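Small disclaimer: the values here were computed from a predicted structure and weren't measured. Lettering of chains follows the sequences in order, A, B, ..., and the numbering in each one begins at 1.
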Number of protein chains: 2
Amino acid sequence: MQQPEHLKNAGLKSTVPRLKVLSLFESGQERHMSAEDVYKLLLASGDDVGLATVYRVLTQFEQAGLLVRHYFEGGKSVFELNQGKHHDHIVCLQCGRVEEFYDTAIEARQEKVASDRGFSIRDHALHIYADCTKKQCPHKP
Amino acid sequence: MQQPEHLKNAGLKSTVPRLKVLSLFESGQERHMSAEDVYKLLLASGDDVGLATVYRVLTQFEQAGLLVRHYFEGGKSVFELNQGKHHDHIVCLQCGRVEEFYDTAIEARQEKVASDRGFSIRDHALHIYADCTKKQCPHKP
DNA sequence: ATGCAAATGATAATCGTTCTCATTTGCGAT
DNA sequence: ATCGCAAATGAGAACGATTATCATTTGCAT
């Protein structure tokens, strides 16, 4: 059980809801989850935390650097474990599957584009919306 | 007055609110506007259209290809005239100013990344969030 | 000019998210 | 162990952006 350490290091006291949310992400079962997703999965596994708490905890975890928040199209934001390595996303419009990628050339060009224009990058989001070309989408929404 | 043609071509009958919204975008005064922005600007210039109508018209224009919608962080979407040429955006986190850019290398790499993974791109959004490095931000939010 | 489908505007409803506040809990000091 | 209190929680209200409802108005083909 290493979660309490994570929370301590993040300056958050280890409470039941926080441990549950964190271990849900660490279970690896679902990598990208919205607040609603987290809430429903916890309810489904018998743990009942309030929806408000889920929102609060997700925001705290984001601020603490434990999670990363993404704003995909459609208005709702999704979270994933912060594993240090930045990456961008391809979202399948058919099945909603999210695949991650990292491209050095793209990253470098972004820096150039920004500095050429007198900006210093704080963050960026590259979302490619696409269709799987495989016969059938392997995952469901 | 060429707007009625635009609307006709888009299969939309030319009504007063639609003409007003379109000419607001074509005035070039503000390039990126949210529904609320459009609504307030129209009110300010004495034209009173309903907020619901603004939302409807913006969505129709987007579907008709007259406008492009962007989902920036913060939940609200902004629209701009569709001038055919795709481009991405740098958003200043201090003042909210939006600058456009297009980078061939980035576009090409995206295609490669997607096809390498068996996806065919339908759309993409690259948003760089940054700070102006200039002494003071030139535009306000 | 006339009629009617389509469009509008006011308002209610919805959705994701945040706020409020009374109750509960983690945890350092005893 | 247990006490006390600040911090965290949960239920529900409140919120902002957007969409749906529905009675009234308007564009436009006849």
Side-chain angles (χ1 to χ4, degrees), chain A residues 1 3-24 32-43 46-64 66-67 69-79 96 141, chain B residues 1 3-24 32-43 45-64 66-79 96 141:
Chain A
M1 197 209 268
Q3 287 112 20
E5 308 314 313
H6 289 180
L7 294 177
K8 281 276 168 46
N9 299 340
L12 296 167
K13 70 163 102 166
S14 73
T15 67
V16 172
R18 297 215 255 244
L19 289 172
K20 283 176 180 165
V21 170
L22 185 52
S23 65
L24 176 57
H32 300 86
M33 288 180 280
S34 68
E36 200 67 31
D37 293 338
V38 170
Y39 178 65
K40 283 184 184 146
L41 283 174
L42 290 182
L43 282 196
D47 308 306
D48 68 337
V49 291
L51 179 56
T53 302
V54 170
Y55 275 100
R56 264 186 305 241
V57 168
L58 289 175
T59 301
Q60 291 159 347
F61 283 5
E62 184 200 7
Q63 287 165 349
L66 293 173
L67 296 179
R69 181 198 300 252
H70 302 292
Y71 299 85
F72 292 145
E73 287 185 13
K76 61 172 56 172
S77 38
V78 305
F79 297 81
Chain B
M1 199 208 268
Q3 286 112 22
E5 309 313 315
H6 288 180
L7 293 178
K8 282 274 168 45
N9 298 341
L12 295 167
K13 72 163 94 164
S14 76
T15 67
V16 172
R18 296 215 257 243
L19 289 172
K20 284 177 181 167
V21 170
L22 186 52
S23 66
L24 177 57
H32 300 87
M33 288 181 279
S34 67
E36 199 68 31
D37 294 337
V38 170
Y39 178 64
K40 283 183 185 148
L41 283 173
L42 290 182
L43 282 197
S45 55
D47 310 306
D48 68 338
V49 292
L51 179 56
T53 302
V54 170
Y55 274 101
R56 264 186 305 242
V57 168
L58 290 175
T59 302
Q60 291 159 349
F61 284 4
E62 184 201 5
Q63 286 163 350
L66 293 174
L67 296 179
V68 182
R69 181 198 300 252
H70 301 290
Y71 300 85
F72 292 146
E73 290 186 9
K76 60 174 54 171
S77 38
V78 305
F79 298 81

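Closest approach of A:Leu58 and A:Ala35 over heavy atoms only: CD1-CA, 3.6 Å.
Atoms CG (B:Leu7) and C1' (D:dC28) sit 15 Å apart, rounded to a whole Å. Distance CG (A:Asp48) to C1' (D:dA11): 12 Å, rounded to an integer number of Å.
Counting heavy atoms from C-beta outward, B:Met33 and B:Leu24 have side chains that approach closer than 4.5 Å. The side-chain heavy atoms of A:Arg69 and A:Phe79, taken from C-beta on, include a pair separated by under 4.5 Å.
Atom CZ in A:Arg18 sits 8.0 Å away from atom NZ in A:Lys13 (nearest 0.5 Å).
Not a single side-chain hydrogen bond (donor to acceptor under 3.5 Å, both in side chains) links B:Glu36 to another residue, sequence neighbours left out. A:Ser34 meets the side-chain hydrogen bond (donor to acceptor under 3.5 Å, both in side chains) test with A:Asp37; sequence neighbours excluded. With sequence neighbours left out, B:His70 forms a ring-ring contact (aromatic ring centres under 6.0 Å, His included) with B:Phe72, B:His89.
The nucleotide range of DNA chain C contacted by chain A, defined by atoms under 4.0 angstrom from heavy atoms of the protein and reported 5' to 3', is C:dG16 to C:dC27.
Using a 4.0 Å heavy-atom cutoff across all strands shown, A:Thr53 reaches at least one base atom of the nucleic acid.
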Expected list for residues 46-55 of chain B: side-chain donor-acceptor pairs under 3.5 angstrom, two or more places apart:
| residue | atom | partner | partner atom | Å |
| --- | --- | --- | --- | --- |
| B:Asp47 | OD2 | B:Ser45 | OG | 3.2 |
| B:Thr53 | OG1 | B:Arg56 | NH2 | 3.2 |

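Across the interface with DNA chain D, nearest-nucleotide mapping of B:Lys13 and A:Val54 shows A:Val54 to be the residue nearer the 5′ end.
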Problem set entry | Base versus backbone protein contacts along nucleotides 14-20 of chain D [heavy-atom cut-off under 4.0 Å; B, S, -] | ---SBBB
